[in-house]
Amino acid sequence: MPELPEVETTRRGIEPWLVGRRIERLVVREWRLRWRVPRSLPRRVAGAIIRTVGRRAKYLLLATDAGTLIWHLGMSGSLRILDAAAPALVHDHVDLVLDSGRCLRFNDPRRFGSLLYTADDPARHRLLAGLAPEPLSDTFDATALWRRARARRASIKSLLMDSRLVVGVGNIYASEALFRAGIRPGTAAGRVSRARMAALVAAIRAVLEEAITVGGTTLRDYVNPSGMPGYFAQRLFVYERAGKPCRRCGTPIRQYTQGSRSTYWCPRCQR
DNA sequence: ATGGGCACCTGGCTGC
DNA sequence: TGCAGCCAGGTGCCCA
């Protein structure tokens with residue numbers, strides 16, 4: 001489910017409820033997530049104060065006095081702030097109970113999410129160490145991406161989904177950014193000119209920022225920490241619009257599948 | 001090294 | 001109404 005805008009919306013939503021709070025306890029009802037939740041985690045973080053709520057790519061980083069929680073929402077995960085006494089419903093796998101009487105509750109039907117821990121610098125964690133720069137920072141640079149893409153035969157769309165080259169962009173925003181940049185998703189990455197790569201980098205930034213401002217994209221089940229959907233679905237140009245007229249030129253939007261992933265594009269606006 | 005495909009899971013929808 | 005089949009926002013890993 002969540003791509004960078006949804007994770008960032010979640011981060012902003014939970015941050016004011018967490019920073020400075022003490023963790024009363026961590027309740028794990030289901031340990032079998034993408035990776036097994038470490039058995040020692042409840043014991044390690046109990047009593048710790050939460051200092052910052054950060055994000056790296058699609059990972060949320062809850063830094064405490066006792067190490068950092070690394071939380072990923074997977075495809076169907078969401079985090080909400082609730083009264084700690086609220087009864088747990090199906091797929092409510094984890095509660096981080098705070099000294100305020102609230103809790104941060106993790107719900108994830110498909111269990112592709114994960115909750116991990118590190119006592120060290122999270123940037124050096126094996127899942128984070130090899131990630132590309134943050135797309136909304138100055139370190140995300142078109143020239144560097146163009147150089148790395150030059151020798152690649154894979155499609156530009158699959159490159160956007162490769163976290164060693166670009167992070168934060170998933171299946172929705174890959175199609176949307178390519179539409180905005182006017183690039184066909186099947187184009188070999190190595191054949192995208194430097195100028196067009198610059199346009200693509202700008203499009204990625206723009207689409208992610210725009211989505212964040214409206215709380216992300218809710219297609220099926222994403223909700224923010226208050227339980228509300230995001231409104232970017234109304235602004236999608238191509239995603240899940242196969243056969244519908246392009247919002248820019250009226251040509252029917254096309255769709256193709258690669259490895260069970262759908263890609264959407266406009267045959268007229270994208271060359 | 002690169003590219004492509006699979007696996008991990010549940011639930012919702014479609015069509016027979 | 002029931003059920004099989006397909007699809008879904010991520011991503012690490014395996015294999016050619």
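Note that the coordinates shown come from a computational prediction; the quantities given were computed from them, not determined experimentally. Chain identifiers are assigned alphabetically (A, B, ...) following the order of the sequence lines, protein sequences preceding nucleic acid strands; residue numbering begins at 1 within each chain.
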### Message
As a test of reading the structure: which of dC8(B), dG9(C), dG4(B) is closest to the side chain of R34(A), going by heavy atoms?
### Response
dC8(B)
### Message
Under 4.0 Å, counting only non-hydrogen atoms across every strand here, what does Y59(A) touch: a base, just sugar-phosphate, or nothing?
### Response
sugar-phosphate
### Query
So which nucleotide from dG4(B), dG11(B), dG9(C) ends up closest to the side chain of A154(A)?
dG4(B)
### Task
Measure the distance from CG on L160(A) to P on dG9(C) and round it to the nearest whole Å.
15 Å
## Note on the structure
Out of dG9(C), dT10(B), dG3(B), minimum distance to the side chain of H91(A) belongs to dT10(B)
### Query
Would you say R268(A) has more than 12 foreign heavy atoms packed within less than 6.0 Å of its CZ?
no
### Query
DNA chain B: P109(A) or S155(A), which has the more 5' nearest nucleotide?
S155(A)
### Whole angstrom value for the distance that separates P of dC8(B) from CD of E30(A)
16 Å
### Message
Using atom P in both nucleotides, what's the gap between dC3(C) and dC9(B) to the nearest angstrom?
### Response
24 Å
### Task
Fit a plane to each ring of W265(A) and Y256(A), take the angle between them on a 0 to 90° scale, and name the class: parallel (under 30°), tilted (30 to 60°) or perpendicular (over 60°).
perpendicular
#### Entry: Interatomic distance, R196(A) atom CZ to R271(A) atom CZ [nearest 0.5 angstrom]
10.5 Å
### Query
Any Lys/Arg nitrogen of R220(A) or E240(A) sitting under 4.0 Å from an Asp/Glu carboxylate oxygen of the other?
yes
#### Entry: Whichever of L159(A) and S260(A) has its nearest DNA chain B nucleotide further upstream toward 5'
L159(A)
#### Entry: Side-chain N,O (S262(A)) to OP1/OP2 (dA8(C)) below 4.0 Å
yes
### Summary
Y222(A) atom OH is separated from dG12(B) atom P, nearest whole Å, by 20 Å
### Message
Is there, by distance only and without an angle test, a donor paired with an acceptor across the side chain of R111(A) and the base of dC9(B) below 3.5 Å?
### Response
no
### Query
Which whole-number value in Å describes the distance from M161(A) CE to dT2(B) C1'?
17 Å
### Query
Atom CD of Q258(A) and atom P of dG3(B): how far apart are they, to the nearest Å?
12 Å
### Query
Between M75(A) (CE) and dC6(B) (C1'), how many Å, whole number?
13 Å
### Query
Do the charged groups of R235(A) and E176(A) touch, with an N to O distance under 4.0 Å?
no
### Query
Between Y59(A) and H125(A), is any pair of side-chain heavy atoms under 4.5 Å apart?
no
### Message
Taking dT11(C) as the reference, what is the distance to dA1(B) when you measure between their P atoms (whole Å, please)?
### Response
23 Å
### Message
With rounding to the closest Å, how many angstrom separate the C1' atoms on dG9(C) and dG3(B)?
### Response
23 Å
### Query
Can a side chain N or O of H72(A) be found less than 4.0 Å away from OP1 or OP2 on dG10(C)?
no
#### Entry: Options dG12(C), dG3(B), dA8(C), nucleotide nearest the side-chain atoms of Y239(A)
dA8(C)
### Task
Determine the contact category for S158(A): base if any of its heavy atoms lies under 4.0 Å from a base atom, sugar-phosphate if only primed atoms, P, OP1 or OP2 are that close, otherwise nothing.
nothing
### Task
Using a heavy-atom cut-off of under 4.0 Å over every strand shown, decide if R126(A) touches base, sugar-phosphate, or nothing.
sugar-phosphate
#### Entry: Base-pairing assignment for dC13(B) (Watson-Crick or G-U wobble, both under 3.5 Å)
dG5(C)
### R152(A), nearest nucleotide to its side chain (from dG3(B), dG11(B), dG9(C))
dG3(B)
#### Entry: Spacing between W35(A) atom CH2 and dG10(C) atom C1', to the nearest angstrom
10 Å
### Query
Can a donor-acceptor pair under 3.5 Å be found between the side-chain atoms of R261(A) and the base atoms of dA8(C)?
no
### Query
To the nearest angstrom, how far is R36(A) atom CZ from dC9(B) atom P?
12 Å
### Query
If you check the F112(A) side chain, which of dG3(B), dC8(B), dG11(B) turns out closest?
dC8(B)
### Task
Using the six-membered ring wherever Trp is involved, compare the ring planes of F106(A) and W71(A) and label them parallel, tilted or perpendicular (cut-offs 30° and 60°).
tilted
